[in-house]
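I have placed the structure first, in the form of structure tokens, so that the comments after it can refer back to it.
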Amino acid sequence: MTREEMRRLLLVNGSEQEELFAESRKARDLHFGSTVVLRGVIELTNVCRVNCDYCPMRRDNVRENDTYFLTADRIVEMAGLIRDSGIDVVLLQGGETPSVLPILKDAIPRIRRLYNNQVEILLNIGNLKRAQYERLRSIGATSYILKHETSDPALHLRMRHETLESRLRCMRDLQEVGFKVGTGLISDLPGQTLDSIVDDIELAGELGVDMCSVSPFIPAPNTPLSLSPVGGNELALNIIALLRLCYPQLLIPSVSALERVGSGGQSRGLDAGANVMTVNFSSATDQKRYLIYGKDRFVVTLDHVRGLVRASGLELRGSVFIDEYLMSGEPAT
Ligand code: SF4
């Protein structure tokens with residue numbers, strides 16, 4: 001697909017958009033069957049050393065936020081709830097801080113034992129040193145999300161106060177260390193151009209990642225972008241469809257931000273070709289403290305996911321990576 005064609009398709013609506021989505025669903029169903037991978041997420045901490053302009057958990061807010069760290073015991077207990085719900089992908093995510101590493105070193109092998117190794121442990125804990133990634137991989141973490149957020153180097157620096165290059169370096173390290181890697185982008189980020197979204201799509205292909213998410217920008221309170229306009233679901237959905245058409249093998253989540261921007265947004269994400277949904281297992285107290293886009297986030301429950309997947313004519317399934325890990329000989333725990 002040419003860049004010009006991509007630019008055009010990013011803006012389609014009405015019947016042209018429905019045709020785009022139908023093609024995308026066809027590509028998904030050919031590659032994965034009519035299935036949706038189910039994940040369970042545990043939110044480890046709301047402390048972060050990074051200062052992203054769009055995030056209420058940014059470093060400048062840490063002191064005024066009601067901060068928390070889950071203990072290893074609590075993480076394992078929550079992983080037990082995820083297992084009991086029949087979910088075999090445990091997503092451990094949190095702000096970027098090395099303080100979670102000793103906790104994870106304790107928790108990850110225990111989670112693997114809980115599942116008798118039949119588990120994908122997916123991390124989303126930010127930029128780390130290669131040796132730290134190696135250590136996490138050696139104790140049984142299997143996959144890792146590290147979103148590039150925007151492929152425009154100047155915008156990336158302005159929004160995250162970190163370089164795109166450092167992010168990409170971490171992604172390459174993760175791949176070389178043996179993780180399945182996911183990236184992701186924010187659409188309608190203030191200052192973003194349509195061309196840079198085409199770059200985002202091409203970057204996902206160049207990186208050779210296994211997963212890619214798309215989240216519409218949501219202006220959050222207590223951030224420098226609190227007064228910026230909210231992103232639109234339609235652009236985000238068109239990006240999902242284009243990613244699916246360009247790279248049918250990608251895991252693409254239908255994220256909670258789609259539901260937050262517009263009711264029914266996650267169902268439209270599945271219509272557009274997404275094939276992953278994530279159920280939140282944080283306690284009610286921690287859900288309020290984990291401020292991904294402010295306190296009034298949309299929290300995804302298992303019932304919500306089941307209803308939505310059924311209504312879309314799809315079926316839930318487990319990890320697509322576990323068999324591969326088992327064949328390559330995962331670390332004994
Ligand atoms: S988006 Fe992630 S890395 Fe950036 S401040 Fe928020 S928690 Fe930290």
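In each ligand, atom 1 is the first atom listed, and ligand 1 is the first ligand listed. Atom set for the values below is all heavy atoms of this structure, side chains included, hydrogens, waters and symmetry mates excluded.
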Check your understanding: Taking 4.0 angstrom as the limit, do Glu77 and Arg110 come out as a salt bridge?
Key -> no
Point to revise | Check ion pair Asp173-Lys129 (N to O, under 4.0 angstrom) | key: no
**Study point:** Test item, Glu149 contacting ligand 1 (heavy atom, 4.0 angstrom)
**Key:** no
Revision key, fill the gap. One finds that the ligand 1 atoms under 4.0 Å from a non-hydrogen atom of Arg160 are 3 (S)
Review point. With respect to Ser151, which candidate in Asp199, Asp200, Thr183 satisfies the side-chain hydrogen bond (donor to acceptor under 3.5 Å, both in side chains) definition?
Key: Asp200
**Study point:** Verdict with reasoning, Arg39 to Glu120, per salt bridge (Lys or Arg N to Asp or Glu O under 4.0 Å)
**Key:** CA-CA 9 Å; Arg39 294 173 180 160; Glu120 175 187 339; 5.6 Å; no
Check your understanding: Given the protein's heavy atoms, is any one of them under 4.0 Å from atom 3 (S) of ligand 1?
Key -> yes
Check your understanding: Hey, mind stepping through Glu43 and Arg289 against salt bridge (Lys or Arg N to Asp or Glu O under 4.0 Å) and telling me if it holds?
Key -> CA-CA 10 Å; Glu43 291 158 340; Arg289 297 195 287 193; over 6 Å; no
Practice item. Determine the sole option in Asp53, Asn222, Thr223 for which the side-chain hydrogen bond (donor to acceptor under 3.5 Å, both in side chains) test with Arg58 is passed. Key: Asp53
Study note, to complete from the structure: Across all chains, not counting sequence neighbours, the side chain to side chain donor-acceptor pair (under 3.5 Å) partners of His31 are none
Review point. So how many protein N, O or S atoms does atom 8 (Fe) of ligand 1 have within less than 2.8 Å?
Key: 1
